[in-house]
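To start, the structure under review is shown below, and the notes come after it.
Note that this is a predicted model, so its numbers are computed, not measured. Read the numbers this way: they start at 1 and go in the same order the structure lists the ligands and their atoms. Just so it is clear, the values below take in all heavy atoms, side chains as well, and ignore hydrogens, waters and symmetry mates.
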Amino acid sequence: MKKIEDLNMEGKKVLIRCDFNVPIKNGRIIDDTRIKESLKTIHYCIDHHAKIILFSHLGRIKEEEDLKKNTLLPVSKRLSKLLDKKVIFIEETRGKKLEKAIEELQEGEIILVQNTRYEDLDGKKESNNDEELGKYWASLGDLFINDAFGTIHRSHASNVGIASHIESATGFLVEKELNVLSSLNSCEKPFIVILGGAKINDKIGVIEKLVTKADYILIGGGMAFTFLQSEGYNVGASIVDYDRIDFCTKILKKYSSKILLPVDVNVTTEYNNDSLNKVKEITEIAENEMGLDIGDRTIEIYQNYLKDAKTVLWNGPLGVYEFEKYKNGTKKIMKFLVDHNIRTILGGGDIVAAASLMKMKDKVYHASTGGGATLEYLEEKKLPGLEIIK
Ligand code: ADP
Ligand code: MG
């Protein structure tokens with residue numbers, strides 16, 4: 001697979017698919033991590049005298065109203081500030097204005113094209129990898145770099161489409177993400193996986209793959225209750241995926257000493273931050289109670305396993321971290337990992353968001369910029385954005 005350093009980009013028009021899909025509220029960028037993570041690739045292209053044309057999606061575009069709030073204009077301004085350099089923002093995804101700007105572009109100069117998903121308004125052309133659109137964008141450049149790890153598991157016109165037509169390579173961010181994930185195959189042991197999140201259904205493939213590689217899997221979050229139910233506990237009103245009980249029974253039987261389940265949980269009767277809550281043993285959950293976080297005894301037991309870990313991979317929060325009352329498990333375990341300097345990799349949109357909220361994202365070894373992509377990589381699925389470059 002070609003890497004950015006394999007390209008001869010001197011004087012060439014280089015199209016770069018970045019991941020500038022940052023959270024924006026009222027026109028203001030709340031977290032610019034993804035923009036910062038793209039700088040290394042852009043700087044490299046500037047230093048190598050390329051003419052740079054950047055693409056990215058932002059949010060989802062379903063109707064006319066989505067256009068304005070998903071403009072890349074704020075990104076263009078932030079990027080310009082971070083680079084300390086002019087960024088020419090083109091407010092359209094195709095047409096004369098864009099073509100003329102590219103024609104006039106000088107070496108080391110940068111164009112940012114409007115949100116690629118503006119093309120979704122008319123027949124989902126970007127998201128469905130419309131043949132004509134990918135070909136058109138490819139015709140605007142000489143070389144293509146895919147540096148958007150967050151969409152590498154998708155087949156879109158702005159990644160797979162463009163890469164189908166011109167010489168292509170991966171960028172530094174994609175390389176970094178892949179290196180971290182692939183290092184898990186031969187990582188220092190004990191290797192412990194922490195798995196939480198809402199539904200077990202999304203994570204079956206990941207569990208099946210990781211259980212063979214990890215020394216322990218510590219389970220929390222909503223998915224714990226399908227496991228507990230399969231063990232015969234009464235989990236009350238907690239979320240259970242009844243279609244997956246069989247899966248849980250089987251995997252627990254096969255890997256009984258590897259998979260750990262909570263022994264106590266923080267329960268309440270309503271899914272909000274206001275209802276009365278208390279920590280209960282898992283044998284004592286009442287019919288109308290739902291578990292929204294792991295309890296203190298579980299936290300302690302999990303920390304006891306984690307204290308010897310050399311590598312930790314964490315996907316999915318251990319509780320409903322969006323509510324103040326139920327972020328305890330996620331927060332205490334995260335702090336423990338940070339305080340003990342344990343090499344921790346966070347993969348998953350929500351676990352990275354939780355780390356960011358708890359001000360620990362920059363203290364862990366690696367926080368991935370791609371949730372879905374990380375999961376599909378761990379499931380050993382083929383990633384279309386990479387396959388096409390290969
Ligand atoms: P990630 O994005 O890290 O892969 P998921 O998307 O699988 O994680 O899960 C995140 C969601 O799981 C959060 O919205 C959180 O509120 C929810 N969650 C965590 N614990 C529970 C629980 N006990 N009951 C219901 N939902 C939960
Ligand atoms: Mg999520």
Side-chain angles (χ1 to χ4, degrees), residues 21 23 31 33 60 149-151 153 177 181 193-207 209-210 217-229 233 235-242 244 248 261-273 275 277-280 282 285 288-295 298-299 302 312-334 337 344-358 360-361 364 366-379 381:
N21 186 31
D31 179 358
T33 306
R60 288 212 173 99
F149 183 71
T151 50
H153 60 312
E177 297 272 10
L181 290 175
V193 174
I194 308 174
L195 271 185
K199 286 172 285 169
I200 186 161
N201 205 26
D202 312 339
K203 311 281 169 82
I204 299 248
V206 178
I207 297 172
K209 290 285 187 264
L210 289 179
I217 299 192
L218 314 181
I219 306 271
M223 74 157 76
F225 298 99
T226 305
F227 278 102
L228 289 168
Q229 174 87 33
Y233 292 101
V235 299
S238 309
I239 50 169
V240 171
D241 185 345
Y242 286 95
R244 296 300 177 187
C248 291
L261 301 177
V263 295
D264 59 350
V265 283
N266 194 344
V267 299
T268 182
T269 50
E270 270 168 76
Y271 185 82
N272 59 41
N273 194 45
S275 305
N277 65 295
K278 56 182 163 221
V279 175
K280 280 191 159 184
I282 49 151
I285 305 174
N288 63 341
E289 290 173 333
M290 61 184 89
L292 296 185
D293 196 6
I294 55 173
T298 305
I299 295 173
Y302 285 4
V312 169
L313 170 71
W314 188 348
N315 169 267
L318 299 174
V320 183
Y321 73 96
E322 296 95 330
F323 297 153
E324 196 55 43
K325 276 183 178 174
Y326 308 108
K327 57 169 63 152
N328 196 41
T330 307
K331 197 169 180 177
K332 282 196 174 145
I333 297 282
M334 184 95 63
L337 294 168
T344 301
I345 294 155
L346 305 179
D350 282 281
I351 193 58
V352 172
S356 179
L357 200 75
M358 294 163 185
M360 286 185 273
K361 194 178 84 174
V364 295
H366 182 77
S368 175
T369 56
T374 305
L375 284 178
E376 295 205 9
Y377 180 94
L378 294 171
E379 283 175 64
K381 284 190 181 160

Would [X] count as a polar contact of ligand 1, with the cut-off being nitrogen or oxygen pairs under 3.5 Å?
{"X": "Gly196", "answer": "no"}
{"X": "Pro317", "answer": "no"}
{"X": "Gly347", "answer": "no"}
{"X": "Asp293", "answer": "no"}

Using modelled atom types only, decide if a donor and an acceptor are shared between the side chain of Asn315 and the backbone of Leu195 within a distance under 3.5 Å.
no
Nearest heavy-atom approach of Ala373 to Phe149 is CB-O, 3.3 Å
Shortest non-hydrogen contact between Lys325 and Asp293, atoms and distance:
O-OD2, 4.5 Å
Which ligand 1 atoms are under 4.0 Å away from a heavy-atom of [X]?
{"X": "Leu292", "result": "23 (N), 24 (N)"}
{"X": "Lys203", "result": "4 (O), 5 (P), 7 (O), 8 (O)"}
{"X": "Gly291", "result": "22 (C), 23 (N), 24 (N)"}
{"X": "Asn315", "result": "4 (O)"}

Please verify whether a non-hydrogen atom of Asp202 lies at under 4.0 Å from ligand 1.
no
Run the ring-centre check on Phe323 versus Tyr271 and record whether the distance is less than 6.0 Å.
yes
Is it the side chain, the backbone, both or neither of Glu322 that has a heavy atom closer than 4.0 Å to ligand 1?
side chain
Between the side chains of Asn266 and Tyr326, does any donor sit under 3.5 Å from an acceptor?
no
Would you kindly say whether Lys361 and Thr33 are connected by a side-chain donor-acceptor distance under 3.5 Å?
yes
Check this for me: does any side-chain nitrogen of one of Asp241 and Lys203 sit under 4.0 Å from a carboxylate oxygen of the other?
no
